[in-house]
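Below: the structure, in structure tokens.
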Number of protein chains: 2
Amino acid sequence: MTQATIRDVAREAGLSVASVSRALNGHKSVRPETRAHVVAVADRLGYVPHAGARSLSMARSNAIGVVLPDLHGEFFSEIVRGMDREASRRGLQLLLSNMHADPAQATQALRAMRGRVDGLLIMSPQMRADGWSSAVPRGLPAVLINSSDDNGHHPALRMDNRAGAAAVARHFATIGRRSIVHVAGPDHNVDARERRDGFAEAIGREIPGALLTLLPGNFTEESGEAAARHILAENIPVDAIFAANDMMAVGCLQTLRDAGRQVPAEIAIAGFDDVPIARYLGLTTIRVGIAEIGARAVERLATMMDDEGDDAPLVEWHQPDLVVRGTTTGSAPQDKS
Amino acid sequence: MTQATIRDVAREAGLSVASVSRALNGHKSVRPETRAHVVAVADRLGYVPHAGARSLSMARSNAIGVVLPDLHGEFFSEIVRGMDREASRRGLQLLLSNMHADPAQATQALRAMRGRVDGLLIMSPQMRADGWSSAVPRGLPAVLINSSDDNGHHPALRMDNRAGAAAVARHFATIGRRSIVHVAGPDHNVDARERRDGFAEAIGREIPGALLTLLPGNFTEESGEAAARHILAENIPVDAIFAANDMMAVGCLQTLRDAGRQVPAEIAIAGFDDVPIARYLGLTTIRVGIAEIGARAVERLATMMDDEGDDAPLVEWHQPDLVVRGTTTGSAPQDKS
DNA sequence: TTGTATGCGTTATCAA
DNA sequence: TTGATAACGCATACAA
């Protein structure tokens, strides 16, 4: 009662395994009636080709490995959705694995991909590349997503955090704010660093003489609340806050409003990511086409797997968009743009 | 510059491939110095075992196939996170695939798993089991998650939609509501049907003489808005609404408040799922331990893969919890329980 | 303790 | 057009 193999089909059809293989794979050199017979027998026996054996023989698995860190809700589902869309369009399977923060585990995850996949999609914003880059199985093409630099060993897709942060700075300038606070993300995270540096630079350029205060955070809502409490307790001068992600911005927003501060009248607040909650709370933020990045990553990897030739630029920057909502303008928080 | 194979290691170490295999896999019958030598050589050559060849030889891939439909944000990431946690604990890889609504594509996805994985996790709330159940490769153990019945061919994990819906009904009874509206999900979805039927039954039991109106929906926020507009336009008597999921409840909530209705004073509103937005809007809802279900599914599948014996009950019901928030009580919507 | 040989399920090369 | 057979990379039964 186990699965039928190609040999079962061959025996039952009175043919050689070679002929069955050719018939099933649509080779031209096989008589129509033979093919029909083979297909009928295969169908009757419920034959399904063994993908493992097939990929061993063909030296190609038609699968790609996806190594992601612990991602929060929408971000995770969107990037996987984008990858899946493009992958299934190309007949590729997705082998998912977690990019643990621990280099040893990361190494393990990467090595486990050897012999299972034809290429790798690696996302590791929180770890330096030398922590894992030697673990990428030799000969496996790989595309990096929002990861710290790899010395150009692999092509990379990056969202342009600096450009997004600069857009917020320009927006703050437009609405006339001058006492700015940035709540940063964890320092080991490359996205967080770029948003912070890009923002600081843009503020200096866009709002000469502005006061910029940097507060630490770790991407959680709680750290956003803590930052807001710190602002209140220390009486830090502020008429605009840019948090390095939406969840921290939400924490700020709630805490400041609970404390009776008017948003945006007294203090404008902006985040980064455009998670669904941002829309409901009317939070100004930076939208990232995350599904598109996932799909594009698969696309680039697929071309690397097919033809060795790789003409696309090594690093591809994806531009995010500023989404202006109620927390930086007068309109109601119910705005659902 | 391609990957080294076990033969390269054997040649370089002056041993047979058998010895190298034994040394690397920790067999007892190999001299310590031999093992050390082999490990050193393997390390120097950057040898990584070819998982495909290994699984062909061992008739075991240490991977499990996960076939999910298009899931929204938090739901998707949580269930995958739960699966991944348990899978990596057991040294299993996750092969992800989309359970398309089209039976032909679903069949394809299932068949593509043959020879790649040792077991299957299948979630298909929107399609009848006969649409795909014959496509499950013979001999592959499988666990069903929130899928319509399979005639007992495979063990199943189900969230107890009826119990969740009944909890809402009891809650409505407690707060003294009598004119009830249920905004249902798509009829082809088994979760939606169970929530509707369980709710109707519980209302009959808990609130004798209550008026229950059933409105159609499709799980989207827009269909929730439409239902609310319908209620307003037709002047349907209502003091409590149970939507089959949170997104529709959110649509109702916004539309009714925009129309000037008091929630919860005039109309109480409850949803199902407890997505993150529910917390921010203070929406009463039903919380499902979705990550736990994912982890438990892997656990059950793993035991099926190891020992053939399967003693656990065929269908395992997971109980959801009622989460009472502002949309059904007097407390403020900012409640962050 | 180590080596030889076989098989896992397929595809591909070469003859027939 | 078809068949026999050698890979693919590894694990293991059996022999030495």
Side-chain angles (χ1 to χ4, degrees), chain A residues 2-38 41-42 45-63 111-118 137-140, chain B residues 2-38 41-42 45-63 111-118 137-140:
Chain A
T2 178
Q3 262 286 11
T5 76
I6 197 172
R7 276 210 281 265
D8 299 321
V9 178
R11 181 168 8 88
E12 195 76 7
L15 289 165
S16 71
V17 292
S19 293
V20 174
S21 176
R22 283 186 292 251
L24 259 22
N25 290 314
H27 276 236
K28 55 220 95 203
S29 66
V30 49
R31 278 196 322 184
E33 47 262 55
T34 308
R35 186 190 311 279
H37 182 216
V38 168
V41 171
L45 298 188
Y47 169 72
V48 182
H50 189 288
R54 170 179 263 219
S55 57
L56 184 59
S57 176
M58 302 205 300
R60 165 129 196 171
S61 65
N62 286 307
R111 291 176 44 128
M113 293 290 182
R114 144 88 169 149
R116 287 184 195 280
V117 302
D118 301 326
R138 238 190 290 288
L140 259 198
Chain B
T2 177
Q3 261 287 8
T5 76
I6 197 172
R7 275 208 284 264
D8 299 321
V9 178
R11 181 168 8 87
E12 195 76 6
L15 289 165
S16 72
V17 292
S19 292
V20 173
S21 175
R22 284 186 290 252
L24 258 23
N25 291 314
H27 275 238
K28 56 220 95 202
S29 66
V30 49
R31 277 197 321 183
E33 47 264 54
T34 308
R35 186 191 311 281
H37 182 214
V38 169
V41 171
L45 297 189
Y47 168 71
V48 181
H50 188 289
R54 169 179 263 225
S55 58
L56 185 59
S57 173
M58 302 206 300
R60 166 127 196 172
S61 65
N62 286 308
R111 290 175 45 126
M113 293 290 180
R114 143 89 170 152
R116 285 184 196 280
V117 301
D118 301 326
R138 238 190 291 289
L140 259 198

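A, B, ... follow the sequence lines: proteins, then strands. Residue 1 opens every chain.
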In whole Å, what is the span from the [atom1] atom of [X] to the [atom2] atom of [N]?
{"X": "Gln3(B)", "N": "dC8(D)", "atom1": "CD", "atom2": "C1'", "value": "15 Å"}
{"X": "Asp8(B)", "N": "dG9(D)", "atom1": "CG", "atom2": "C1'", "value": "11 Å"}
{"X": "His50(B)", "N": "dC8(C)", "atom1": "NE2", "atom2": "P", "value": "19 Å"}
{"X": "Arg11(A)", "N": "dT2(D)", "atom1": "CZ", "atom2": "P", "value": "20 Å"}
{"X": "Ile6(A)", "N": "dG3(D)", "atom1": "CD1", "atom2": "P", "value": "12 Å"}
{"X": "Asn25(B)", "N": "dC10(D)", "atom1": "CG", "atom2": "P", "value": "10 Å"}
{"X": "Met58(B)", "N": "dG9(C)", "atom1": "CE", "atom2": "P", "value": "15 Å"}
{"X": "Tyr47(B)", "N": "dC10(D)", "atom1": "OH", "atom2": "C1'", "value": "7 Å"}

[N] phosphate, OP1 or OP2: any side-chain N/O from [X] under 4.0 angstrom?
{"X": "Ser57(A)", "N": "dC8(D)", "value": "no"}
{"X": "Arg54(A)", "N": "dG9(C)", "value": "no"}
{"X": "Ser16(A)", "N": "dA4(D)", "value": "no"}
{"X": "Arg31(B)", "N": "dT1(C)", "value": "no"}
{"X": "His27(B)", "N": "dT12(D)", "value": "yes"}

Among [options], the one nearest [X] by side-chain distance:
{"X": "Leu15(A)", "options": "dT10(C), dC10(D), dG3(D)", "answer": "dG3(D)"}
{"X": "Ser21(A)", "options": "dC10(D), dG3(D), dT11(C)", "answer": "dT11(C)"}
{"X": "Ser19(B)", "options": "dT10(C), dG3(C), dT2(D)", "answer": "dG3(C)"}
{"X": "Arg7(A)", "options": "dG9(D), dG3(C), dT10(C)", "answer": "dT10(C)"}

Point to revise | Residue closer to the 5' end of DNA chain C, Arg114(B) versus Lys28(B) (nearest nucleotide) | key: Lys28(B)
Point to revise | 5' precedence on DNA chain C between Leu56(B) and Arg35(B) (nearest-nucleotide basis) | key: Arg35(B)
Check your understanding: Considering residues, nucleotides and ligands other than Arg60(A), do more than 12 of their heavy atoms fall under 6.0 Å from its CZ?
Key -> yes
At 4.0 Å (heavy atoms only), tell me whether [X] reaches a base, stays on the sugar-phosphate, or touches nothing.
{"X": "Thr34(B)", "result": "sugar-phosphate"}
{"X": "Thr5(A)", "result": "sugar-phosphate"}
{"X": "Ala59(B)", "result": "nothing"}
{"X": "Val38(B)", "result": "nothing"}

**Study point:** Note, Leu56(A) side chain near His50(B) side chain (heavy atom, < 4.5 Å)
**Key:** yes
Point to revise | Non-hydrogen side-chain atoms of Tyr47(B) and Leu24(B) separated by less than 4.5 Å | key: yes
Check your understanding: Does any donor-acceptor pair link the side chain of Arg22(B) with the base of dG3(C) at a separation under 3.5 Å?
Key -> yes
[Y] backbone acceptor or donor facing [X] side chain under 3.5 Å:
{"X": "Arg116(A)", "Y": "Ser61(B)", "value": "yes"}
{"X": "Ser55(B)", "Y": "Ala51(B)", "value": "yes"}
{"X": "Arg114(B)", "Y": "Pro137(B)", "value": "no"}

